[in-house]
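Naming convention: chains lettered A, B, ... in sequence-line order (proteins, then strands); numbering from 1 in each chain. Values in this document were obtained by computation on a predicted structure and should not be read as measured data.
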Amino acid sequence: MAVTTYSGAEQYNFEVVKKFAVMSIVWAVVGMFVGVYIASELAWPLLNFDSPYISFGRFRPVHTTSVIFGFGGSALFATSYYVVQRTCQTRLISDGMASFTFWGWMAVIALADVSYMLGYTQSREYAEMEWPIDILIEVVWVTYLILFVGTIMRRKQPHIYVANWFYVSFILATALLHTFNNLAMPINLFSMKSYSLFSGVQDAMTQWWYGHNAVGFFLTAAFLGMMYYFVPKQAGRPIYSYRLSIVHFWALSFMYMWVGGHHLHWTALPDWTSSLAAAFSILLLMPSWGGMINGIMTLSGAWDKLRTDPVMRFMIVALSFYGMSTFEGPMMSLKEVNALSHYTDWTVGHVHSGALGWVAMITFGSLYHMMPKLWDTKMYSRKLIEWHFWLATIGIVLYIVAMWISGITQGLMWRAFDEFGNLQYSFVESVAAMHPFYAMRAIGGMFFLTGAVLMAFNMLMTIRQGKRESAALEARLAAKLAHA
Amino acid sequence: MIRERQTMNFNFKHEWIETNIGLMAVLTMLAISVGGLVEIAPLFFIDKTIEKVDGVRPYTPLEQRGRDIYQREGCYLCHSQMIRPFRDEKLRYGHYSLAAESQYDHPFQWGSKRTGPDLARVGGKYSNEWHVQHLTAPRSMVPESVMPNYPWLSKTPLDISDITDRMEALRKVGVPYSLTEAEYKANVARFGETVAKQLHIPNAQQSLIEQANFGNYDGDRSGISEMDALVAYLQVLGTMVDFNKYKDDAFVNDR
């Protein structure tokens, strides 16, 4: 039971959790809307409207930043603060620090999004923020680390719950990655423009060490932390295997950092680095599936919940997509496969099966579990959760199927020769062939966005319902005390 | 009889880590640091990482401003600049890209996606007029294109007020732009006098204006626009190394 508002000494700081939970859905809607818009620009380029601010090249990072760091980041802050307090049975060590991380993080996302539209970018994927925003991220992140670890140090019983290992690993890794990937020289102290410290091949390796591990730690390890708390809670059963969680935690943490080079196969990156990355990418299958198995098998003996509980369904389907993506990824990391897939839409499809299938769906499931507890009520509408689930799933399937077809088509068209040994297709012929799939992908995105909008509505109504019920309870209590 | 845990020489228990956040944090940092160190650090020390090849030089001030605009508009999101050693890419784009060719690229713009074609060797493939028309309205030149229109490039004057700041920042991160006479002389020896003049920071504004006026990249002599800079940049891409001087397999062992 959440602590109700009328008691003076609240055991936990849920105010910051509530704020982050609400904003994670807000950024989801914003970020996914921008995603649908840029997808539509590729299908119908007139939508760029000759505007520098929303042209695809400037608008795309608005999408990626808003969904990864806005939606995903806020959900991680919300759930990690919730989980660390409840599993350590102690309040966050500082309300001030918690509040700072909230306002600081919101500022980061907002400033980043606006700055990209104005043309300020470091032109590194998922790290486009220029140097002043990078510094703000560093400050917020160090505060987060101190707050999180400090709270764990104050725990009421000696054992640190497994979800917290994953959260700590993600916080530490993000700090490491962000710091080294963003080393840059501003042109002067009053300009947003900077140049990266590294260049060429060293810069490429640094960027993809970062880029892949943003996926590995920010989007995987952290959300596994979320999964490790909310799946057993929703299922009402303990995690399937303690030993498995130990093995896959360390294997994942160690191995993920080696695979970034698979973004650079067949490029000017040396062969040895590329081969090392491919080998570790295949090895990575094991700890990834360890996580998936641990999560899914937690439902062992309670499989009927899949039928009866839409929230559980979100979580288990999320874990299934996780398994699928962590199989597809290693396959695409094989150099022969990568020779076809690199630079094509298949990569985009893969990203979204992980981002929508795993990250978004486990977040939706966890938030649907957490919100009623935070506002001490039930979810306003179970039907809307069901609708959300189906819209999300159909959206994902449309998206990834479109991208599989377009990606493989592109790859095959680019390498096709005619009977004289000339290239069969001009590049633009492959562009023309993409159109129906760009449209199909935009429609898939619209389904997914609609689901997120339903969730936003459901959440709004749930919060109002919870506040109404709290107020009514307080009124009754006050009346009783008055007559005592 | 009590059954002892038979693990290694001492009875390691993961529980020690699970009950000690400091230990967990330290071990985690160790675990996550290895991969990056092993894969990134050697790239700075292994000699053959950057192939020994003639011709690669830093961008001139005008070209660098063009590159800054390329970055600003997010061109790397649809266009790669990295040709792979495949037969079809050789035919479509030219010699595969060498690491040496992007050694002065801060940041690298190899790209991850080809919504549009690779641009690593686009220099000299199309006329300036084609580029201007294509950038302003892509579908007027390529009807099936999905590229956005960039009409503001020709209409926006190039801001050259901070060109020396930009070049000095690049010099600080290792690009051999020259500030002193000694550095200038070293550049003359390395790149020849014509190029060395363009890499000399005190001359930056003047050399930019000269190159823009001489090249007249946007076809409009009334001023220097952002289009001038961007086209100047595009026209140099992939042109620095004369691959005719090298055997076909000259760089194979450097991979």
Side-chain angles (χ1 to χ4, degrees), chain A residues 42 45 48 50 52 55-58 60 119 121-125 149 152-153 158-160 165 168-169 172-173 176 185-188 191 195-197 199-206 209 246 250 253-254 257-258 261 263 266-268 270-271 273 276 339 343 347 414-415 423 427-428 431-432, chain B residues 14 18-19 21 24-25 28-29 31-36 39-40 43-44 49 71-78 80 82 84-86 88 91-92 97-99 102-110 112-115 117 142 144-149 151-152 162 165-166 169-170 172-174 255:
Chain A
L42 288 179
N48 286 282
D50 288 14
S55 63
F56 183 88
R58 293 199 196 182
R60 191 244 192 194
T121 169
Q122 289 187 329
S123 321
R124 320 169 77 75
E125 286 181 79
V149 172
I152 293 180
M153 285 165 80
H159 188 260
I160 303 169
W165 315 347
V168 167
S169 178
L172 288 173
L176 182 69
M185 178 69 62
I187 66 173
N188 65 59
S191 171
Y195 294 110
S196 58
L197 180 61
S199 66
V201 62
Q202 293 102 352
D203 196 37
M205 184 65 237
T206 307
W209 164 77
I246 294 174
W250 290 108
S253 293
F254 177 68
M257 286 289 189
W258 293 72
H263 292 259
W266 304 111
T267 66
D271 229 3
T273 332
L276 208 49
Y343 300 129
T347 307
W414 295 341
R415 57 160 64 167
L423 292 169
F427 190 87
V428 75
V431 176
Chain B
H14 192 261
E18 291 168 43
T19 51
I21 185 67
M24 183 176 282
T28 303
M29 282 306 294
I32 66 180
S33 301
V34 183
E39 291 184 348
I40 300 174
L43 298 176
F44 289 94
T49 305
Q71 272 188 252
R72 181 186 79 196
E73 303 300 343
C75 303
Y76 72 103
L77 293 170
C78 289
S80 58
M82 172 50 61
R84 297 178 290 175
F86 299 156
D88 63 284
L91 282 181
R92 198 184 295 282
S97 297
L98 302 177
S102 53
Q103 63 182 296
Y104 300 125
D105 289 6
H106 292 259
F108 83 111
Q109 292 280 267
W110 293 2
S112 346
K113 182 73 168 56
R114 286 177 185 165
T115 308
V142 185
E144 307 90 332
S145 172
V146 298
M147 181 165 145
N149 297 336
W152 58 90
D162 57 6
D165 278 348
R166 288 173 190 255
L170 284 163
K172 286 194 195 126
V173 295
R255 289 192 74 81

By a 4.5 Å heavy-atom criterion (distance strictly below it), what part of [X] contacts chain A: side chain, backbone, both, or neither?
X	answer
S97(B)	backbone
I32(B)	both
C75(B)	neither
Y76(B)	side chain
T28(B)	both

Quick one: of [options], who has the most non-hydrogen atom pairs under 4.5 Å with chain B?
options	value
G119(A), A173(A), A204(A)	A204(A)
T273(A), V428(A), I246(A)	I246(A)
G57(A), P45(A), S123(A)	S123(A)

Between atom [atom1] of [X] and atom [atom2] of [Y], what is the distance when rounded to the nearest 0.5 Å?
X	Y	atom1	atom2	value
L77(B)	S55(A)	CG	OG	10.0 Å
T49(B)	M205(A)	OG1	CE	12.0 Å
L43(B)	Q202(A)	CG	CD	6.0 Å
E144(B)	F427(A)	CD	CZ	12.0 Å
L42(A)	T115(B)	CG	OG1	6.0 Å
F44(B)	T206(A)	CZ	OG1	5.5 Å

Contacting region of [X] [heavy-atom separation from chain B under 4.5 Å]:
X	answer
V168(A)	side chain
W266(A)	both
N48(A)	side chain
H263(A)	neither
I152(A)	side chain
S253(A)	both
D271(A)	both
L176(A)	side chain

task = Applying side-chain contact (heavy atoms from CB on, under 4.5 Å), run through F56(A) and M147(B) and close with a yes or a no.
result = CA-CA 8 Å; F56(A) 183 88; M147(B) 181 165 145; over 6 Å; no
Greatest number of heavy atom pairs closer than 4.5 Å to chain A - which of [options]:
options	answer
G174(B), P85(B), S145(B)	P85(B)
V142(B), L98(B), L170(B)	L170(B)
Q109(B), Q103(B), E39(B)	E39(B)
H106(B), K172(B), R72(B), M29(B)	H106(B)
G74(B), A31(B), A99(B)	A31(B)

With the side chain counted from C-beta on, respond yes when [X] and [Y] share a heavy-atom pair under 4.5 Å apart, and no when they do not.
X	Y	result
V431(A)	V146(B)	yes
W165(A)	E18(B)	yes
V173(B)	S199(A)	no

message = Using only atom types and a distance under 3.5 Å, with no angle test, would you say the side chain of D203(A) pairs donor to acceptor with the backbone of P107(B)?
response =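 Not a single qualifying donor-acceptor pair exists.
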ask   = Judged by atom type as modelled, is there a donor-acceptor pair below 3.5 Å linking the side chain of R255(B) to the main-chain atoms of T267(A)?
value =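 It does hold such a pair.
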Which atom of [X] lies closest to which atom of [Y], heavy atoms considered:
X	Y	answer
Q71(B)	T121(A)	O-CG2, 3.4 Å
F254(A)	V34(B)	CE1-CB, 3.8 Å
G200(A)	W110(B)	C-CZ2, 4.0 Å
R58(A)	E73(B)	NH2-OE2, 2.8 Å
W152(B)	P52(A)	CH2-CA, 3.3 Å
W250(A)	M24(B)	CH2-O, 4.2 Å

key: Derivation and outcome, side-chain contact (heavy atoms from CB on, under 4.5 Å), residues M82(B) and Y343(A)   = CA-CA 10 Å; M82(B) 172 50 61; Y343(A) 300 129; 3.3 Å; yes
ask   = Taking only residues two or more places apart in sequence or in another chain, which ones pass side chain to side chain contact (heavy atoms under 4.5 Å, CB included) with P151(B)?
value =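 Checked P151(B) against side chain to side chain contact (heavy atoms under 4.5 Å, CB included); matches are D50(A), T136(B), N149(B), K155(B).
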